Asks: 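The following block contains the structure, expressed as structure tokens.
Lettering of chains follows the sequences in order, A, B, ..., and the numbering in each one begins at 1. In this text the structure is predicted, and so the values were computed from the model without any measurement.
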Amino acid sequence: MSNKVRVRFAPSPTGPLHIGGVRTALFNYLFAKKHQGTFILRIEDTDQNRYVEGAENYIIESLQWLHLPFDEGPTIGGNYGPYRQSERKDIYKKYIDQLLHSGNAYYAFDTPEQLDFHRKSHEAKGETFIYNWHNRLQLENSLSLTTEEVKKRIDSGKKYVIRFKSPENETLILNDIIRGEIKIDTHVLDDKILFKSDGMPTYHLANIVDDHLMEISHVIRGEEWLPSLALHVLLYRAFGWGAPEFAHLPLILKPQGKGKLSKRDGDKMGFPVFPLAWKTEESISRGYREDGYFPEAVVNMLALLGWNEGDGTEKEIYSLEELIKAFSLEHVSKAGAKFNPDKTKWFNQQYLQQKSDDELAEMFQLILNKKLENSHLVKNDKEYVKRVIALLKERATFVSDFWPLGSFFFIAPTSYDEKSVRKQWKETTTQVMKELITVLKSAEDFSSSSIENVVKDWITTKEIGFGKVMQPLRISLVGALQGPHLFDIMEIIGKDETILRIEKAIDKL
RNA sequence: GCUCCAUUAGCAUAGUGGCUAGUGCAUUCGACUUUCCAUCGAAAGACAAGGGUUCAAUUCCCUUAUGGAGUACCA
């Protein structure tokens, strides 16, 4: 085995990729790139019953969207292929035979019904049924049956599985990069099924064989695999292979309460748990991409879920390149990381602030085109859009925010916020607004600062009071008491439009 | 039940055998803006409990509590 870093992300194509899976992919990617290693995508489709059409494409598209390209994998190939386990069936056959011959595995004929019966009856007595050294001789397998009987059963086409013969009494010391040493007694291990009766290997066998053949140097996976680590290490030993190093990532926990993050949490609290939207006949699950998140923000958020650069750094915004540089498995925390949808939004906001007005204008234009079917103001004036964005940017989190934040730059208000009107539009207001129109009409220079001077002078000399002018004016132009600096708005929409809107407000209110 | 893993403020985390335990989000209050927005400033808030080891423990060890994961012919 070479000492080059080779890691794999090995999802099952059973549906859309969960955000936890994406984080696992990300950590694998970061670790690989940090060490100039290879990032491999391997599709673990040994369970034919759970296979979902389109899931593999979904996985690949997700990685593409997040800019986490794999170096080897399905569709692009590599020197260690094939990269779908369903296409590696013959390989597993060969290796399970090896285990059978060396006495590390055995045939078992117990039917699912029989096993189920055992489990149930044990449960009734408050015990757990474990298929291992303490009872394997009482069950139907090639250890308890005669050689002839075993042969007879196999020849007659009776279904069987192949189980691992786990050692009876031994204390294993396992090593995890994140957790350190883990001790486990083999007498509590059960004889896991390695080969299913449908001729496919289970995850346990397939992942060891593939990791070995693909020369995987580090296995970085979710914490849910920790209980299987002993089995896997034992398997490497049974094959006589050196084992890769292991790192088990902490779980991603739901925002409130306990337990790991599930799709339901997202639905309930209104945030996506998938990178991309996923449509089935029954429902649509939202995705970060469709919800308007930037891939960089999602990556950044995910990277900080269970990892921190350490050394008291206060840095939170990392580009992918910076993450690669800073990442290390030693700084991955052991405790589960609670998912925080608000923080995710915050990251998106940070990234939005970093983008240029130009870039944002281009993205916003797409939304604008749909909204502005019959606007009299502007349709495709990029400069205009850019000026608007410059004003709105700092209060936006998503590109889609620009519309609710600043639709009045494109369409005159069609209605006025009732509460604001009630509070700010007094009887005298109409008269004040009429005078204001005269003042504005006289303004030659309609730039923000110069209108501001003119209006302020007028207010002071007439002793009207700022609020009495500015608030109704805002209502006239915006339709509500919100938006950026009023004089900036006036400059952008222009003199004519400004006066038009005030007249309209006087008329309507 | 059994096995394994975890536990710093509401949340995410940093950090250390010994001075006031650092940061971000959220919260509260101020400033600015006559916008319950944004920005800026400030405040409040934590080492799960008990026992050791030690001159000294949030930091090392044990127990308890709490939580999580696994316990499938699923991955």
Asks: Check the distance between B:rA14's C1' and A:Glu316's CD and give it to me in whole angstrom.
Replies: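 Value for this atom pair: 11 Å.
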Asks: In whole angstrom, give me the gap between the P atoms of B:rU20 and B:rC47.
Replies: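 So the two P atoms sit 16 Å from each other.
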Asks: So, do A:Thr186 and A:Ser166 sit near enough that their side-chain heavy atoms are less than 4.5 Å apart?
Replies: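 The answer is no; the side chains never approach within 4.5 Å.
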Asks: For A:Trp307 and B:rA12, give me the distance from atom CH2 to atom P, rounded to whole Å.
Replies: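 Nearest whole value for this atom pair: 18 Å.
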Asks: Step through the shown structure and confirm whether more than 12 heavy atoms of other residues, nucleotides or ligands are within 6.0 Å of CD on A:Glu127.
Replies: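 Yes.
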Asks: Can you check the distance between B:rG50 and B:rU7, where both ends of the measurement are the C1' atom (answer in whole Å)?
Replies: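 Straight-line distance between the two C1' atoms is 16 Å.
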Asks: Among B:rC25, B:rU13, B:rA75, which nucleotide sits nearest the side chain of A:Ala337?
Replies: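 It is B:rU13.
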Asks: Using the side-chain heavy atoms of A:Ile193, tell me which of these nucleotides is nearest: B:rG15, B:rA75, B:rA72.
Replies: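 Closest of the options to the side chain of A:Ile193: B:rA72.
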Asks: Pick base, sugar-phosphate or nothing for A:Pro484, based on heavy-atom distances below 4.0 Å to the nucleic acid.
Replies: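 Counting heavy atoms under 4.0 Å across all strands, the contact made by A:Pro484 includes a base.
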Asks: Under 4.0 Å between any heavy atoms, over every strand shown, what does A:Thr128 touch: base, sugar-phosphate, or nothing? Just pick one.
Replies: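 Contact class for A:Thr128: base.
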Asks: Tell me whether the NZ or CZ atom of A:Arg163 lies within the 45° cone about the ring axis of A:Tyr131 and under 6.0 Å from its centre.
Replies: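 That pair qualifies as a cation-pi contact.
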Asks: Between B:rA75 atom P and A:Phe195 atom CZ, what is the distance in whole Å?
Replies: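 Interatomic distance, CZ of A:Phe195 to P of B:rA75: 12 Å.
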Asks: Grab the CD-P distance between A:Glu223 and B:rU7 for me, whole Å please.
Replies: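 Nearest whole value for this atom pair: 11 Å.
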Asks: Establish, for the pair A:Lys355 and A:Phe294, whether the NZ or CZ atom is under 6.0 angstrom from the six-membered ring centre and no further than 45 degrees off its axis.
Replies: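 Yes, A:Lys355 lies over the aromatic ring of A:Phe294.
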Asks: Counting heavy atoms from C-beta on, name the nucleotide in B:rA75, B:rG15, B:rC73 closest to the side chain of A:Asp47.
Replies: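 Closest nucleotide to the A:Asp47 side chain: B:rA75.
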Asks: At under 4.0 Å between heavy atoms, what does A:Thr14 touch on the DNA or RNA strands: base, sugar-phosphate, or nothing?
Replies: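 If one applies the 4.0 Å heavy-atom cut-off, A:Thr14 turns out to touch nothing in the nucleic acid.
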Asks: When you compare B:rA26 with B:rA38, how far apart are their P atoms, in angstrom units rounded to a whole number?
Replies: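 Roughly 8 Å separates the two P atoms.
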Asks: Determine: side-chain N/O of A:Lys196 to OP1/OP2 of B:rA75, distance under 4.0 Å, yes or no.
Replies: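 So the side-chain polar atoms of A:Lys196 do come within 4.0 Å of the phosphate oxygens OP1 or OP2 of B:rA75, strictly under.
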Asks: Can you check the distance between B:rC32 and B:rG41, where both ends of the measurement are the C1' atom (answer in whole Å)?
Replies: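 Approximately 11 Å lies between the C1' atom of B:rC32 and that of B:rG41.
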Asks: How far, in whole Å, is B:rC40 from B:rC62 if one measures between their P atoms?
Replies: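 Here B:rC62 and B:rC40 have their P atoms 46 Å from each other.
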Asks: Could you check whether any side-chain heavy atom of A:Glu223 comes within less than 4.5 Å of a side-chain heavy atom of A:Arg179, counting everything from C-beta outward?
Replies: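 Contact flag for A:Glu223/A:Arg179 side chains = yes.
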Asks: What interatomic distance, in whole Å, is found between C1' of B:rU27 and the corresponding atom of B:rG15?
Replies: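 Each nucleotide's C1' atom is 25 Å from the other's.
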Asks: Taking the six-membered ring for Trp and the single ring otherwise, decide whether the centroids of A:Tyr293 and A:Phe398 are under 6.0 Å apart.
Replies: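 Yes; A:Phe398 has its ring centre under 6.0 Å from that of A:Tyr293.
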Asks: Indicate, with a heavy-atom threshold strictly under 4.0 Å, whether A:Ile184 touches base, sugar-phosphate, or nothing.
Replies: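 It contacts sugar-phosphate atoms only.
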Asks: Check the distance between B:rU71's C1' and A:His122's NE2 and give it to me in whole angstrom.
Replies: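 Atom-to-atom, A:His122 to B:rU71, this comes out as 14 Å.
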Asks: Taking the six-membered ring of A:Phe117, is NZ or CZ of A:Arg119 closer than 6.0 Å to its centre and within 45° of its axis?
Replies: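 Ring-cation test returns no.
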Asks: Under 6.0 Å between ring centres: does that hold for A:Tyr58 and A:Trp278?
Replies: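 They qualify: ring centres under 6.0 Å apart.
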Asks: Where along residues 109-120 of chain A does a heavy atom fall under 4.0 Å from RNA chain B?
Replies: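 RNA chain B contact set from residues 109-120 of chain A: A:Asp110, A:Thr111, A:Pro112, A:Leu115, A:Arg119.
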Asks: Short question: side chain of A:His18, backbone of A:Leu261 - any donor-acceptor pair under 3.5 Å?
Replies: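 At least one qualifying donor-acceptor pair exists.
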Asks: The side chain of A:Glu224 is closest to which nucleotide in this list: B:rG15, B:rG70, B:rU35?
Replies: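 Per side-chain heavy atoms of A:Glu224, the pick is B:rG70.
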Asks: Less than 4.5 Å apart, side chain to side chain, heavy atoms only: is that true for A:Val52 and A:Arg50?
Replies: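 No, too far: nothing below the 4.5 Å cut-off.
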Asks: For B:rA6, does either OP1 or OP2 sit under 4.0 Å from a side-chain N or O belonging to A:Ser333?
Replies: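 The answer is no; no side-chain N or O of A:Ser333 sits under 4.0 Å from OP1 or OP2.
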Asks: CZ of A:Arg42 versus P of B:rA75: gap in Å, rounded?
Replies: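 Interatomic distance, CZ of A:Arg42 to P of B:rA75: 13 Å.
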Asks: Identify which nucleotide among B:rA12, B:rC5, B:rA14 has an atom closest to any side-chain atom of A:Leu226, counting heavy atoms from C-beta outward.
Replies: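 Nearest to the side chain of A:Leu226 among the choices is B:rC5.
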Asks: Round to a whole Å and report the spacing from CZ of A:Phe347 to P of B:rA12.
Replies: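 Answer to the nearest Å: 14 Å.
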Asks: Looking only at the aromatic ring of each residue, does the gap between the centers of A:Tyr106 and A:Phe164 stay below 6.0 angstrom?
Replies: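 Here the rings of A:Tyr106 and A:Phe164 have centres that are no less than 6.0 Å from each other.
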Asks: Just how far, in rounded Å, is P of B:rU34 from CD1 of A:Ile489?
Replies: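 The distance from CD1 of A:Ile489 to P of B:rU34 comes to 12 Å, rounded to the nearest Å.
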Asks: Answer with base, sugar-phosphate or nothing: what part of the nucleic acid does A:Arg179 contact at a heavy-atom distance below 4.0 Å?
Replies: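 Result for A:Arg179 = sugar-phosphate.
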Asks: How would you label the contact of A:Gly222 with the nucleic acid (heavy atoms, under 4.0 Å): base, sugar-phosphate, or nothing?
Replies: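 Counting heavy atoms under 4.0 Å across all strands, no contact is made by A:Gly222.
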Asks: Where does RNA chain B form stems of at least three consecutive Watson-Crick or G-U wobble pairs, each pair having both distances below 3.5 Å?
Replies: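 Consecutive-pair runs (3 or more) involving RNA chain B: B:1-7 with B:65-71, B:10-13 with B:22-25, B:27-31 with B:39-43, B:48-52 with B:60-64.
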Asks: Kindly say if A:Gln471 contacts the phosphate of B:rU33, meaning a side-chain N or O under 4.0 Å from OP1 or OP2.
Replies: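 Indeed not, no polar side-chain atom of A:Gln471 lies that close.
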Asks: Among B:rG24, B:rA12, B:rA6, which nucleotide has an atom closest to any side-chain atom of A:Lys338?
Replies: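 Nucleotide nearest to A:Lys338's side chain: B:rA12.
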Asks: Using the side-chain heavy atoms of A:Leu251, tell me which of these nucleotides is nearest: B:rG68, B:rA12, B:rC74.
Replies: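 So the nucleotide nearest the side chain must be B:rG68.
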Asks: Closer to the 5' end of RNA chain B via nearest nucleotide, is it A:Lys343 or A:Phe129?
Replies: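 Whichever sits nearer the 5' end wins; that is A:Lys343.
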Asks: In whole Å, measure the gap between the P atoms of B:rC73 and B:rA14 for me.
Replies: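 Comparing P positions in B:rC73 and B:rA14 gives a spacing of 38 Å.
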Asks: Looking for any heavy atom pair under 4.0 Å, which part of the strands does A:Lys183 touch: base, sugar-phosphate only, or nothing?
Replies: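 Contact class for A:Lys183: sugar-phosphate only.
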Asks: Using the P atom on both, measure B:rA44 against B:rA12 and round to a whole Å.
Replies: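 My reading of the P atoms in B:rA44 and B:rA12 gives 23 Å.
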Asks: Centroid separation under 6.0 Å, is that true for the rings of A:Trp346 and A:Tyr351?
Replies: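 Ring centroids of A:Tyr351 and A:Trp346 are no less than 6.0 Å from each other.
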Asks: Describe the nucleic acid contact of A:His248 in one word from base, sugar-phosphate, nothing, applying a heavy-atom distance below 4.0 Å.
Replies: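 Touches nothing.
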Asks: Evaluate the side-chain proximity of A:Trp133 to A:Asn169: yes if any heavy-atom separation is below 4.5 Å, no if none is.
Replies: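 The answer is no; the side chains never approach within 4.5 Å.
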Asks: Which nucleotide wins on minimum distance to the side chain of A:Ile182, given the candidates B:rA75, B:rC73, B:rC4?
Replies: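 That would be B:rC4.
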Asks: Return the 5'-most residue of the pair A:Phe487, A:Ala335 with respect to RNA chain B, ranking by each residue's nearest nucleotide.
Replies: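 Final value for this comparison: A:Ala335.
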